[in-house]
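First comes the structure, then the notes that go with it.
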Amino acid sequence: RSTQGVSSAASDVYKRQTEAGIIMLGDAEAKFTTMLGMDFNAPGVGLINRSKRYSLFAINGKVIIFNEEQSRGECITSAGEALLRSIKEL
């Protein structure tokens, strides 16, 4: 794929997320991650101020669902599909 094609695809995904009311947030300084207690460091392998894997669903700033991944190197509990299942169960 060309760079333009990738940019176009990313733009389309962002547009659909916005239309659906989904907001994806970054946490470059790990402030939110640290506040949640989901931060970790592994300096021996070059990982500083990193985030453990999790997904959450919030409404008006209140966390309704919080799925913390239990095993390193996996994306099961925190996967988008698991989060959607949890939301449907509300």
Does some side-chain heavy atom of [Y] sit less than 4.5 Å from a side-chain heavy atom of [X]?
{"X": "Val63", "Y": "Phe57", "value": "no"}
{"X": "Tyr54", "Y": "Thr77", "value": "no"}
{"X": "Leu83", "Y": "Asn67", "value": "yes"}
{"X": "Asn49", "Y": "Thr34", "value": "no"}

Can you check whether [Y]'s main-chain N or O pairs, donor with acceptor, with [X]'s side chain at less than 3.5 Å?
{"X": "Gln70", "Y": "Glu68", "result": "yes"}
{"X": "Glu69", "Y": "Arg53", "result": "no"}
{"X": "Asp27", "Y": "Thr33", "result": "yes"}

Cluster overlap [X] with [Y], hydrophobic side-chain contacts below 4.5 Å:
{"X": "Met35", "Y": "Met38", "value": "yes"}
{"X": "Ile64", "Y": "Phe66", "value": "no"}
{"X": "Val45", "Y": "Phe40", "value": "yes"}
{"X": "Ile76", "Y": "Leu84", "value": "no"}

Glu29, CD: over 12 other non-hydrogen atoms inside 6.0 angstrom: no
Rounded to the nearest 0.5 Å, what separates atom CG in Asp39 from atom NZ in Lys52? 7.0 Å
Which heavy-atom pair separates Cys75 from Ala79 by the least distance, and what is that distance? O-CB, 3.6 Å
